[in-house]
S.K.: 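The structure under discussion is supplied below as structure tokens; questions concerning it will follow.
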Amino acid sequence: NYGNRSEVIDALAHGKGVGWRWDHAHGMDYLHMAILFGKDRVRNILRVSMPITAVSGLHDELHLAMVGVGILALVVAGGMIGLTFHLLLNPLWQLTSGHNTHQSNSHNNPMFTSEKIEHKFESVLMILRQERDLLNAILEGVENGIIATGRDGKIILCNHVAQGMLACQSQHRNLGCIPLPNSPWISLEKFIRTTTETVVPGEEFILNSGKVLMVKARPFESPHHGMVFVISDITEGRQLEKMRKEFIANVSHELGTPLSTMHSSVETLLASDVNNPELVRRFVPVLMRNITLLSGIVEDLLDLSRIDAGEYHLDIQSISVLAAGHRAFELVSQMAKGKSLVTEMLIPEGTEILADEQAFDQILFNLLMNAVKYTPENGRVTLQARPEGDLIKIEVVDDGPGIAPEFHHRIFERFFRVDPGRSREAGGTGLGLAIVKDLVEKLDGRVWVECPERAGSIFCMTFAREITS
């Protein structure tokens, strides 16, 4: 019965055919499509018919299928996609509007030939696929997690970044988030499912793991009314903010302690007879000691500031560890003699590393000064070095009180002291080891502390070895 239909004839000749005819039985235009399939001598025809009004319905279904992609478009490319859709879908709207206006003679209008209809459908589908692929690439390329929910709070979209943040399995449409064991999804689930039609500029969630997530929400309108949630990991930013606050508090405290002592000493002198030699001998050394401490703190802060700002310029060259050791010991010799310390260097002749001379001198000075300060009278301070493959290992060994294992990972923090009172009494700023760590790392080296069972500490470093012929 259908062998003489135009779409069937075209399908037998070219593999596929499209026809558009008025159906008197139903009183409307129908779009007929036929496809040839089968092998060898068996040739079959698959023929599908639909009212032309279904074309508009097809477009709506395609649009609904792209809701997830359209969500991201609202965030990053709404205007561009809207303009593109207007320009590219306009011919399809002209088709449907042309049908409604010329219902009786549309099959005679050359504008509605089967070839043009087929071409328009294929063009629209191709553009939709391209836009979908583009927006999916953008969706998966952003650093933030993106989640979209429908009016009922069910998840209709979740990118891979959000899945990683929330430790969820692959997201399937309308199945929600499938959390893995210990997933942080539970912390956010109630907020995401119950937030509707409300702009949330930023809500912080602190997870059990210590991570801090910032969630922003905004409603969107389309055939699916719902919410878009943008999730950012702000853990690092919050840690930096905490470190900044702690640093300011530590600086204020470290500067306040010597200033308070100096203030008290000056008040006592002013309230007494300034010509009294005994008072002068008592308080002037206190003032000098605290002035020296303040000066040291300021100098160390300036050094750290230069390192952090990248203004500590390095000139990497071959450095003699033995010569640098002599220079460093010379600077601490007076203090070492005052405590009757034995100082020694166990460094083979010709031991050289690749480093910046000024930075390496400061590293050795800070470590040796630290060792001399905390080593009791008649103790021993040793600087030793030895090759280990392509590296040179340098150690500063002292007979001091040692450092408990639980403090090893914190000893290089700024202003950290195992015994704050004793450190200030020894004249320490609490910044010397922090400077050592920063400079060693800038020289691509490594520094750590070891404490043997006996009393004392061993500060160890490794640097690239300069191999001489």
Side-chain angles (χ1 to χ4, degrees), residues 61-82 84-85 127-242:
E61 292 180 4
L62 289 173
H63 189 263
L64 290 176
M66 291 298 296
V67 165
V69 179
I71 291 170
L72 182 62
L74 289 172
V75 180
V76 296
M80 180 187 72
I81 302 307
T84 302
F85 269 49
I127 294 302
L128 288 174
R129 284 194 295 267
Q130 290 175 347
E131 297 297 341
R132 177 201 62 194
D133 294 342
L134 172 62
L135 293 175
N136 279 339
I138 297 174
L139 183 66
E140 299 302 333
V142 296
E143 296 181 354
N144 296 326
I146 306 292
I147 292 179
T149 60
R151 187 191 297 274
D152 57 1
K154 290 184 178 180
I155 294 177
I156 59 177
L157 182 146
C158 179
N159 70 347
H160 284 90
V161 177
Q163 293 172 25
M165 287 180 174
L166 303 179
C168 294
Q169 293 178 344
S170 297
Q171 172 64 32
H172 297 288
R173 187 181 180 89
N174 296 327
L175 293 183
C177 182
I178 307 174
L180 298 172
N182 302 318
S183 168
W185 164 247
I186 299 175
S187 303
L188 281 75
E189 181 178 17
K190 182 178 180 181
F191 172 79
I192 289 177
R193 293 194 184 279
T194 58
T195 302
T196 58
E197 300 182 358
T198 303
V199 176
V200 180
E203 186 83 11
E204 288 191 17
F205 293 86
I206 301 177
L207 308 181
N208 293 333
S209 62
K211 281 190 174 183
V212 183
L213 300 182
M214 171 72 75
V215 182
K216 298 181 181 180
R218 181 174 295 276
F220 67 90
E221 293 184 3
S222 74
H224 289 285
H225 295 273
M227 298 290 296
V228 175
F229 299 88
V230 180
I231 308 174
S232 306
D233 188 342
I234 60 171
T235 307
E236 184 176 354
R238 288 293 177 263
Q239 289 176 343
L240 291 174
E241 183 179 348
K242 180 182 178 182

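The figures here come from the full heavy-atom set of this structure, side chains too, leaving out hydrogens, waters and symmetry mates.
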S.K.: For Val161 and Gly145, work out which heavy atoms get closest and say how close.
M.R.: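 What the structure gives for the nearest pair is CG1-N, 3.6 Å.
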
S.K.: Between atom CZ of Phe205 and atom CZ of Phe191, what is the distance when rounded to the nearest 0.5 Å?
M.R.: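 Atom-to-atom, Phe205:CZ and Phe191:CZ are 5.0 Å apart.
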
S.K.: Apply side-chain contact (heavy atoms from CB on, under 4.5 Å) to Val230 and Val215, showing your working.
M.R.: CA-CA 6 Å; Val230 180; Val215 182; over 6 Å; no

S.K.: Once rounded to the nearest 0.5 Å, what's the spacing between atom NZ of Lys211 and atom CZ of Arg238?
M.R.: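 The CZ atom of Arg238 is 15.5 Å from NZ of Lys211, to the nearest 0.5 Å.
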
S.K.: Are the side chains of Ile231 and Ile147 in contact, using a 4.5 Å heavy-atom criterion?
M.R.: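 Result yes, sub-4.5 Å side-chain heavy-atom pair found.
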
S.K.: Closest heavy-atom contact between Ala217 and Met227?
M.R.: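 The pair with the smallest heavy-atom distance is CB-CE, 3.8 Å.
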
S.K.: Would you say that more than 12 heavy atoms from the other residues, nucleotides or ligands in this model lie under 6.0 Å from the CG of Leu240, or not?
M.R.: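 Atom CG in Leu240 is crowded, with more than 12 foreign heavy atoms closer than 6.0 Å.
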
S.K.: Specify the closest pair of heavy atoms between Val212 and Thr235, including all atoms of both residues, with the distance to one decimal.
M.R.: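 Looks like N-OG1, 2.8 Å.
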
S.K.: How about Ile234 and Leu213: do any of their side-chain heavy atoms sit closer than 4.5 Å?
M.R.: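 Result no, sub-4.5 Å side-chain heavy-atom pair not found.
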
S.K.: When you measure from the side chain of Asn159 to the backbone of Asn144, do you find a donor-acceptor pair of N or O atoms at a distance under 3.5 Å?
M.R.: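 It does hold such a pair.
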
S.K.: In this structure, are over 12 heavy atoms from other groups packed under 6.0 Å from Glu236 atom CD?
M.R.: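 No, not enclosed.
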
